[in-house]
Trainee: 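Okay, here's the structure, questions in a sec.
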Amino acid sequence: MKLSKSLATLLTLICITLIVVTTFRLSPSFARSTPVMSAQVSAEKVTTDLIAQGSSGRSLYTRLGGYNAIAAVIDDSATFIFADPVIGKYFIGLSTNSKQRLRQLLVDQFCQAAGGPCVYTGRTMKLSHSGMGGGLTNSEFNAFANGVSQALDKNSVNPPDKADVLAFVESLRSKIVEK
């Protein structure tokens, strides 16, 4: 039972990482990380491509400040999310190594989603979050999105760029929430 809970926690952390990374833009390199690009992944890619470019013509990656700025947002997001009583329960008991792996997946996902040079190699959101404790709820997803929002504020991300990141996070709701 304890192993199943730890596995569920790891999967939740991975999903959150993927959400955060995808928030910044899925580029064609995401398609290379999976053998066959399903309709779902294709739809995720289209949504994130639209978010990443923005009306200014500059990528979200550039507007956010590049890799180090994205990594700082992910690090702060993790702090808020792990401490949240609603979503943090999924990360209790993760080893330092598991947390570092999840962090890197999120950084890569957000970096790629934002139009940066990173390549996300993780699983789809649906696969990563399937079966986690009977499925994630809307309130758990909202807690995750709130943690990302707090991190964006802490890192002084401009309101239009913050809105783009949060729109991306929201675009993943249907792939993550199961109940």
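Just so it is clear, the values below take in all heavy atoms, side chains as well, and ignore hydrogens, waters and symmetry mates.
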Trainee: Please give me the minimum heavy-atom distance between Val107 and Ile70, naming the atom from each residue.
Mentor: O-CG2, 4.2 Å
Trainee: Could you go through the side chain to side chain contact (heavy atoms under 4.5 Å, CB included) check for Asp153 and Lys162 one step at a time?
Mentor: CA-CA 8 Å; Asp153 289 341; Lys162 176 183 176 182; 2.7 Å; yes
Trainee: Kindly say whether Ala145 contributes a backbone atom to a donor-acceptor pair with the side chain of Ser149 at under 3.5 angstrom?
Mentor: no
Trainee: Stepwise, does the side chain to side chain contact (heavy atoms under 4.5 Å, CB included) test hold for Thr62 with Ser59?
Mentor: CA-CA 5 Å; Thr62 301; Ser59 72; 3.0 Å; yes
Trainee: For the residue pair Leu136 and Phe141, establish whether any side-chain heavy-atom pair is separated by less than 4.5 Å.
Mentor: no
Trainee: Does some side-chain heavy atom of Ile92 sit less than 4.5 Å from a side-chain heavy atom of Phe82?
Mentor: no
Trainee: Not counting sequence neighbours, list each pair that qualifies as a salt bridge (charged side-chain N to carboxylate O under 4.0 Å, His left out) and has a residue in residues 69-82.
Mentor: Asp75-Arg103, Asp76-Lys154
Trainee: For Leu166 and Leu152, run side chain to side chain contact (heavy atoms under 4.5 Å, CB included): C-alpha distance rounded to whole Å, both residues' side-chain angles, the deciding distance at 0.1 Å, then the answer.
Mentor: CA-CA 9 Å; Leu166 294 177; Leu152 292 165; 4.1 Å; yes
Trainee: Between Arg63 (side chain) and Asp161 (backbone), is there a donor-acceptor pair under 3.5 Å?
Mentor: no
Trainee: Measuring from atom CZ of Arg173 to atom CG of Asn138, what distance do you get when rounded to the nearest 0.5 angstrom?
Mentor: 4.5 Å
Trainee: Just how far is it from atom CZ of Phe80 to atom CD1 of Ile87, taken to the nearest 0.5 Å?
Mentor: 15.5 Å
Trainee: Taking all atoms of both residues into account, what is the closest heavy-atom pair of Asn155 and Ala72, and its distance?
Mentor: OD1-CB, 3.6 Å
Trainee: Would you say Val165 and Val148 make side-chain contact, with heavy atoms under 4.5 Å?
Mentor: yes
Trainee: Filter on salt bridge (charged side-chain N to carboxylate O under 4.0 Å, His left out), then keep only pairs touching residues 138-150, sequence neighbours left out; what's left?
Mentor: Lys89-Glu140
Trainee: Please answer whether the main-chain N or O of Asn142 pairs with a side-chain N or O of Asn146 as donor and acceptor at a distance below 3.5 Å.
Mentor: no
Trainee: Identify whether Val86 and Ile81 are in the same connected component of the hydrophobic contact network (ILVMFWY, side-chain heavy atoms under 4.5 Å).
Mentor: no
Trainee: The criterion is salt bridge (Lys or Arg N to Asp or Glu O under 4.0 Å); which residues satisfy it with Asp84, sequence neighbours excluded?
Mentor: none
Trainee: Please examine the side chains of Thr121 and Val119, heavy atoms only from C-beta on, and report whether any two atoms are closer than 4.5 Å.
Mentor: yes
Trainee: Can you tell me how far CD of Gln104 sits from SG of Cys111, rounded to the nearest 0.5 angstrom?
Mentor: 9.5 Å
Trainee: Has Ser128 got a side-chain atom pairing as donor or acceptor with Thr124's backbone, closer than 3.5 angstrom?
Mentor: yes
Trainee: Is the backbone N or O of Pro117 less than 3.5 Å from a side-chain atom of Tyr61, with the two atoms forming a donor-acceptor pair by type?
Mentor: no
